[in-house]
Amino acid sequence: MLLARLARVSREVAAAPARSRKIALLAELFRDAEAEDVPVVIPYLAGRLPQGRLGVGWKALGRPVEPAAAPGLTVRETDARLTALGTVSGPGSQAERARLVGELMGLATEDEQRFLRGLLTGEVRQGALDAVAVEGLAQATGAPAADVRRAVMLAGSLQTVAAALLADGPGALDRFRLTVGRPVLPMLAHSASSVAEAVEKLGACAVEEKLDGIRVQVHRDGGTVRVHTRTLDDITDRLPEVTAAALALPGDRFVLDGEVISFGADGRPRSFQETAGRVGSRTDVATAARAVPVSPVFFDALCVDGRDLLDLPLAERHAELARLVPEPMRVRRTVVSGPADARRAEEFLAATLGRGHEGVVVKALDAPYSAGRRGASWLKVKPVHTLDLVVLAAEWGHGRRTGRLSNLHLGARTADGGFTMLGKTFKGMTDALLAWQTERLGELAVEHHGWGVTVRPELVVEIAYDGLQRSTRYPAGVTLRFARVIRYREDKRPEDADTVETLLAAHPEVRP
DNA sequence: TTCCGACAGTGGGGTCGCAAT
DNA sequence: ATTGCGACCCCACTATCGGAA
């Protein structure tokens, strides 16, 4: 199959607003793909490369290359060239990668170049990723969409399921069961603004402490342990403590879900930055482990003694977890019978925050483990802080925000009457707000740049954030975590904005 | 008919590893 | 030795479609 066909379908998918139309377009393409092309066609139209990321970003893409006049690239040749590109390393590799990318682009038409750039940067912007591709695959093969989706979650891979399905038909889906050693996509949580709201929605529930670390899925099959991240990356080699802990448990074949976090000598959790730095270290793991030892803390069991627990209610899965994993290696929790009991949940949240943790996750006791989904039966609750800050600049948006000033530079007042930048945010804006701020900031602009505008520091905006973290990028030595816009405060003047001093005083645990 | 669940898009900051300077 | 890029951790929020209620 020619790459040009994929590029054209991708453009049509992007242009079709209806999800059903996107699915139909993908299904048609998948039906026409030859068996050898399937392992490439499916991920490409789901906006991903089968090889994963190749070390090519905007810089390596470089200057535009003169496009080919007529399409000639096949899907298979493209894939072969990108596979070769992915193996390049060592001195001179950046230039070599750029050369190979340029060579490939030179063989591609303008349409194909656009598609390839999207794939390489991970931004195809066609309004369809894995979920829509799954529906398309189901339609192309006549298999029930729910069954295909479930197989993908259990396989942790769309292309594995696609290849099996197109080769052997819907019967192949039965092969995809929870298997120790093969990671499944983890269940995720929605947010709730308060514990009371969460308990109101869920009824009888468990309230568990939310640790600010790295999500892990741990598989043990006899003497073999594998540790995977939320995106199913294998990080076993970086976390010897987790392997040791899993091997010490009184079970032979199990899959556990939990968090890895580092505790300080005082028993309190270290900052997310410290834990993440440790988990990210892979060159000298032994040294990193001495400096920042980590502990696994589990909250769910997907499989125990080889028995699949996914469809059991949380209450039963937790009973299995408690049988296998001793107390200190489990997340603290309390069980609440319903809204009438919500005060106990509030107290538990307060105690959890007092221990230095991030918040809680409220989970319905009767809910199964919805692998790969952001189920409504898990609700996280974290305290939110707010500040009044001043807009110092704004950047032009991309995609659907093209032509709008989007990303705001946020400043806090300093003692000398000036402002210091604390970070940026693009979150929390409606289309109407984007239009309004584009207009208003245009009026306040003092300098126009390619990236946006700097403005007179006059507009006050109320910002929500999750906490402070240390920063080497910003002059105050701190930055806001997960900053988002609540609303503009036109009733406030810049001299009413919050100061760096009050901000630092509110977060004594963070020292710039 | 209205409501709501699921998705995709739009980017944020930090840290590490690696190659280039 | 330092700098810059890319990958991958953490993530919030809005718009939209389409099925559920």
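Remember, it's a predicted structure, so these values are computed and weren't measured experimentally.
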Any idea which of [options] is nearest the [X] side chain?
{"X": "A:K424", "options": "B:dG13, B:dC7, B:dA20", "value": "B:dG13"}
{"X": "A:R373", "options": "C:dG6, B:dG12, B:dC7", "value": "B:dC7"}
{"X": "A:H190", "options": "B:dA19, B:dA6, B:dG12", "value": "B:dA6"}
{"X": "A:H398", "options": "B:dG13, B:dG11, B:dA20", "value": "B:dG11"}
{"X": "A:I214", "options": "C:dA12, C:dC9, B:dG9", "value": "C:dC9"}
{"X": "A:A18", "options": "B:dG17, C:dC17, C:dC5", "value": "C:dC17"}
{"X": "A:R19", "options": "C:dG6, C:dC10, B:dC7", "value": "B:dC7"}
{"X": "A:Q94", "options": "B:dG14, B:dG9, B:dA19", "value": "B:dA19"}
{"X": "A:T430", "options": "B:dT10, C:dT14, C:dA12", "value": "C:dT14"}
{"X": "A:Q469", "options": "B:dG11, C:dT14, B:dG13", "value": "B:dG13"}

Would you tell me if any nitrogen or oxygen in the side chain of [X] comes within less than 4.0 Å of OP1 or OP2 on [N]?
{"X": "A:K22", "N": "C:dC17", "answer": "no"}
{"X": "A:K427", "N": "B:dG9", "answer": "no"}
{"X": "A:W58", "N": "C:dG6", "answer": "yes"}
{"X": "A:S20", "N": "C:dG18", "answer": "yes"}
{"X": "A:R400", "N": "C:dT14", "answer": "no"}
{"X": "A:R53", "N": "C:dG6", "answer": "no"}
{"X": "A:S406", "N": "B:dG11", "answer": "yes"}
{"X": "A:Q273", "N": "B:dT15", "answer": "yes"}
{"X": "A:T283", "N": "B:dG17", "answer": "yes"}

The answer to which of A:R401 and A:R21 contacts DNA chain C further toward the 5' end, by nearest nucleotide, is A:R401
Nearest-nucleotide check on DNA chain C, A:P17 vs A:D466; residue mapping nearer the 5' end is A:D466
Distance-only, no hydrogens or angles: does the [X] side chain make a donor-acceptor pair with backbone N or O of [Y] under 3.5 Å?
{"X": "A:T420", "Y": "A:A412", "value": "no"}
{"X": "A:Q126", "Y": "A:L45", "value": "yes"}
{"X": "A:E209", "Y": "A:H357", "value": "no"}
{"X": "A:E259", "Y": "A:K210", "value": "no"}
{"X": "A:T438", "Y": "A:L434", "value": "yes"}
{"X": "A:R114", "Y": "A:A7", "value": "yes"}
{"X": "A:R97", "Y": "A:V88", "value": "yes"}

Answer yes or no: does atom CZ of A:R215 have more than 12 heavy-atom neighbours from other residues, nucleotides or ligands under 6.0 Å?
yes
Mind checking [X] for me? I need base, sugar-phosphate or nothing, with any heavy atom below 4.0 Å counting as a touch.
{"X": "A:A483", "answer": "nothing"}
{"X": "A:V485", "answer": "nothing"}
{"X": "A:Q126", "answer": "sugar-phosphate"}
{"X": "A:A464", "answer": "nothing"}
{"X": "A:L54", "answer": "sugar-phosphate"}
{"X": "A:G397", "answer": "sugar-phosphate"}
{"X": "A:V56", "answer": "sugar-phosphate"}

Of all heavy-atom pairs between A:A128 and A:K22, which one has the smallest distance, and what is that distance?
CB-CD, 4.4 Å
Take atom [atom1] of [X] and atom [atom2] of [N], then tell me their distance rounded to the nearest Å.
{"X": "A:R149", "N": "B:dC7", "atom1": "CZ", "atom2": "C1'", "answer": "11 Å"}
{"X": "A:R473", "N": "C:dT3", "atom1": "CZ", "atom2": "C1'", "answer": "13 Å"}
{"X": "A:D284", "N": "B:dC18", "atom1": "CG", "atom2": "P", "answer": "13 Å"}
{"X": "A:W378", "N": "C:dC11", "atom1": "CH2", "atom2": "P", "answer": "13 Å"}
{"X": "A:I463", "N": "C:dC13", "atom1": "CD1", "atom2": "P", "answer": "11 Å"}
{"X": "A:M429", "N": "B:dG11", "atom1": "CE", "atom2": "P", "answer": "10 Å"}
{"X": "A:K201", "N": "B:dC4", "atom1": "NZ", "atom2": "P", "answer": "9 Å"}
{"X": "A:R282", "N": "C:dC8", "atom1": "CZ", "atom2": "P", "answer": "8 Å"}

Which is more 5' along DNA chain B, the nucleotide nearest A:S281 or the one nearest A:L480? Just name the residue.
A:L480
If you assign A:S89 and A:G399 each to the DNA chain B nucleotide with the nearest heavy atom, which residue ends up on the more 5' nucleotide?
A:G399
Could you tell me whether A:R481 sits above the aromatic face of A:F272, with NZ or CZ closer than 6.0 angstrom to the six-membered ring centre and within 45 degrees of the axis?
yes
Salt bridge or not for A:D466 and A:R484, using N-O below 4.0 Å?
yes
Can we say A:E501 and A:R413 salt-bridge, meaning some charged N sits less than 4.0 Å from an Asp/Glu carboxylate O?
no
Under a 3.5 Å limit for both distances, which nucleotide forms a Watson-Crick or G-U wobble pair with B:dC7, could you say?
none
Which residues in residues 231-246 of chain A have at least one heavy atom lying under 4.0 Å from any atom of DNA chain C?
A:T231, A:D233
Enumerate the residues from residues 500-512 of chain A whose closest heavy atom to DNA chain C is under 4.0 Å, giving them by residue number; use none for an empty result.
none
Just do the side-chain hydrogen bond (donor to acceptor under 3.5 Å, both in side chains) check on A:R401 and A:S406 with the steps written out, would you?
CA-CA 7 Å; A:R401 291 191 179 190; A:S406 172; 2.9 Å; yes
